Amino acid sequence: MSASSAPDAASFPFPTQFVYEDAADRFRAVVDIAPAGIDDVTIEADSRRLRLTVDRGDHVLERTVTPLTSDLAFGEDREASYNNGILTVSLVTRPRTE
């Protein structure tokens, strides 16, 4: 199942795909940030949001995403990789207890 969120999506010019893998309880974001390099990217995640920030020198572009439904939260298992301009962020999801 694909997901989209955040009203600032139109101002984030990088091709982005969000996928929730229900069977694996994982949320994955894949972003083509080329020509930006990994040093230009900041990734922040807590239990309720994933924020991607790309510094383009003269301005900063940001995209914030929340889990698909209000009963889900992001867990502690998180990983990110960057390869040839493609940033992949994977976060485990869990039932929200807050």
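What you are looking at is a predicted structure, and each value in this text was computed from that prediction instead of being measured. Quick note: numbers below take in every heavy atom, side chains included, and nothing from hydrogens, waters or symmetry partners.
Rounded to the nearest 0.5 angstrom, D55 CG and D39 CG are separated by 10.5 Å. Here the CG atom belonging to D46 is positioned 10.0 Å from the CD atom belonging to E76, to the nearest 0.5 angstrom. Distance check, rounded to the nearest 0.5 Å: OG1 of T88 to CD of Q17 gives 9.5 Å. Between the CZ atom in R26 and the OG1 atom in T93 there is a gap of 8.5 Å [rounded to 0.5 Å]. To the nearest 0.5 Å, atom CG of residue L72 and atom CG of residue L91 are 12.0 Å apart. With values rounded to the nearest 0.5 angstrom, D71 atom CG is found 9.5 Å from R96 atom CZ.
With ring centers used as reference points, Y20 lies 6.0 Å or more from F18.
Put simply, the side chain of I43 reaches to within 4.5 Å of the side chain of L50, judged on heavy atoms. Using a 4.5 Å heavy-atom cutoff, the side chains of V41 and L52 are not in contact. Within the 4.5 Å cutoff, the side chain of D40 has no heavy atoms near those of the I33 side chain.
More than 12 heavy atoms of other shown residues, nucleotides or ligands fall within 6.0 angstrom of atom CG in D58.
Listed by first then second residue, pairs satisfying salt bridge (Lys or Arg N to Asp or Glu O under 4.0 Å) with a partner in residues 28-37 read E21-R28, not counting sequence neighbours. Listed by first and then second residue, the ring pair (Phe, Tyr, Trp, His ring centres under 6.0 Å) pairs that reach into residues 47-75 are F27-F74, sequence neighbours excluded.
Scanning both residues, L61 and F14, for their nearest heavy atoms gives CD1-CE1, 3.7 Å. Nearest heavy-atom pair across R94 and S47 is NH2-CB, 3.8 Å. Across all their heavy atoms, R48 and T66 have their closest contact at O-CG2, 3.3 Å.
I38 and V54 end up in the same hydrophobic cluster when Ile, Leu, Val, Met, Phe, Trp and Tyr side chains are linked at under 4.5 Å.
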